Amino acid sequence: MDWLSQPAPVVAPALLGMVLVRQFADGLQLRAQIVETEAYAPGDPACHAYRRQTKRNRVMFGPAGHLYVYLIYGMYHCLNIVTEAEGIPAAVLIRAVSLNLIPEWIPPQKRCQPERVGAGPGLLCQALRIDCSHNGWPLRQVGENQEGIWLEGSPGCQTSIVQTTRIGIRQGADIPWRWYIGGHPSVSRY
DNA sequence: CTCACGATTGGA
DNA sequence: CCAATCGTGAGC
């Protein structure tokens with residue numbers, strides 16, 4: 001069992017500061033430092049798996065270290081990393097990242113504020129070109145000419161962590177399972 | 001089978 | 001404040 005197999009509220013703050021690497025088949029590699037996360041876990045009314053297993057939330061019940069990606073508001077995607085032991089549905093939503101490069105498919109207008117290109121769950125999926133086709137993918141390092149997504153760095157190394165309630169939810173709005181790097185310019189909202 | 005709504009975002 | 005846009009799932 002690796003460290004991702006812990007409860008989501010343990011994994012979420014530990015992911016801050018780690019780098020999500022996005023490798024494309026054409027050789028392009030994007031590196032995104034995780035600066036904001038949220039946890040969703042069993043018994044949590046905001047969790048997609050709160051009621052029962054469904055077609056959409058299926059991968060949340062699977063083993064840790066896989067991607068749970070879903071469509072939101074019919075136009076954006078949200079990226080989660082599954083945690084906990086198999087059979088226990090839990091995940092960490094990646095809410096904001098800081099990119100090392102601004103990909104060419106980002107509109108010129110947004111390039112003017114490079115630190116905001118990954119400042120939100122829908123925005124970072126656009127920047128990293130992650131969509132529902134990646135749902136269920138394992139985090140896995142690949143060669144330079146393959147498509148893949150994986151994590152680099154050590155968990156739990158970030159110091160200035162701020163904890164608050166989660167954003168954009170109604171149920172479970174009082175649960176303080178959001179964490180971000182204090183003062184970081186790529187955090188989605190303050 | 002239907003239909004209200006959502007872990008969002010950008011623009012009025 | 002409000003619209004865009006569509007898959008999902010709760011409830012009939």
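A note on names: the letters A, B, ... follow the listed sequences, proteins ahead of strands, and every chain is numbered from 1. Treat the numbers as computed from the prediction; the structure is a model and nothing was measured.
A donor-acceptor pair shorter than 3.5 Å can be found between the side chains of A:Arg22 and A:His134.
To the nearest 0.5 Å, atoms CD1 (A:Ile88) and CZ (A:Phe61) are separated by 10.5 Å. Here the CD1 atom belonging to A:Ile72 is positioned 11.5 Å from the SG atom belonging to A:Cys125, to the nearest 0.5 angstrom.
In this structure the side chain of A:His77 reaches within 4.5 angstrom of the side chain of A:Asp131, judged on heavy atoms. Taking the side chain as every heavy atom from C-beta outward, A:Val82 and A:Leu67 never approach each other to under 4.5 Å.
Under the rule for a side-chain contact (heavy atoms from CB on, under 4.5 Å), the partners of A:Val187 that lie at least two apart in sequence or sit in another chain are A:Val35, A:Glu36, A:Arg178, A:Tyr180, A:His184, A:Tyr190.
The CD atom of A:Gln171 sits 9 Å away from the P atom of B:dG6 (whole-angstrom rounding). Atoms CD1 (A:Ile106) and C1' (B:dT9) sit 13 Å apart, rounded to a whole Å. Distance A:Arg170 CZ to B:dA4 C1': 12 Å, rounded to the nearest Å. Rounded to whole angstrom, the span from the OH atom of A:Tyr180 across to the C1' atom of B:dA7 amounts to 17 Å. Rounded to whole Å, atom C1' of B:dG10 lies 14 Å from atom CZ of A:Arg189. Atom-to-atom, CD of A:Glu38 to C1' of B:dG6 comes out at 14 Å; the value is rounded to the nearest Å. If you measure from atom CZ of A:Arg52 to atom C1' of C:dG11, you get 11 Å, rounded to the nearest angstrom. Going from atom CD1 of A:Ile167 over to atom P of B:dT9 covers 9 Å, rounded to whole Å.
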Please write out each protein N/O paired with an N/O of nucleotides 3-5 of chain C under 3.5 Å, distance rounded to 0.1 Å.
{"residue": "C:dT5", "atom": "O2", "partner": "A:Tyr73", "partner atom": "O", "Å": "2.3"}

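For the P atom pair drawn from C:dC2 and B:dC5, the interatomic distance equals 15 Å after rounding to whole Å. B:dA7 and C:dG11 have their P atoms separated by 16 Å, with the value rounded to a whole Å.
OP1 or OP2 of C:dG7 has not a single side-chain nitrogen or oxygen of A:Lys55 nearer than 4.0 Å. Taking side-chain N and O atoms only, A:Arg95 has a distance below 4.0 Å to OP1 or OP2 of B:dT8.
Of the candidate nucleotides B:dA7, C:dA10, B:dG10, B:dG10 has the atom nearest to the side chain of A:Lys110. The side chain of A:His48 lies closest to B:dA7, out of B:dG11, B:dA7, B:dT9. Residue A:Asn80 places its side chain closer to B:dA7 than to any other of B:dA7, C:dG9, B:dT9. Proximity note for A:Leu71 (side chain, C-beta onward) versus B:dT8, C:dG7, B:dT9: the nearest is C:dG7.
Heavy atoms of A:Arg56 sit under 4.0 angstrom from primed sugar atoms or phosphate atoms, though from no base atom.
Across every strand in view, C:dT5 sits unpaired, with no contact that passes the Watson-Crick or G-U test at under 3.5 angstrom. Under the Watson-Crick and G-U wobble criteria, each requiring two contacts below 3.5 Å, nucleotide B:dA7 is left unpaired.
Heavy-atom neighbours of A:Glu144 CD from other residues, nucleotides or ligands within 6.0 Å: at or below the threshold of 12.
In summary, A:Arg166 and A:Asp174 do not engage in a salt bridge, as defined by a charged side-chain N under 4.0 Å from a carboxylate O.
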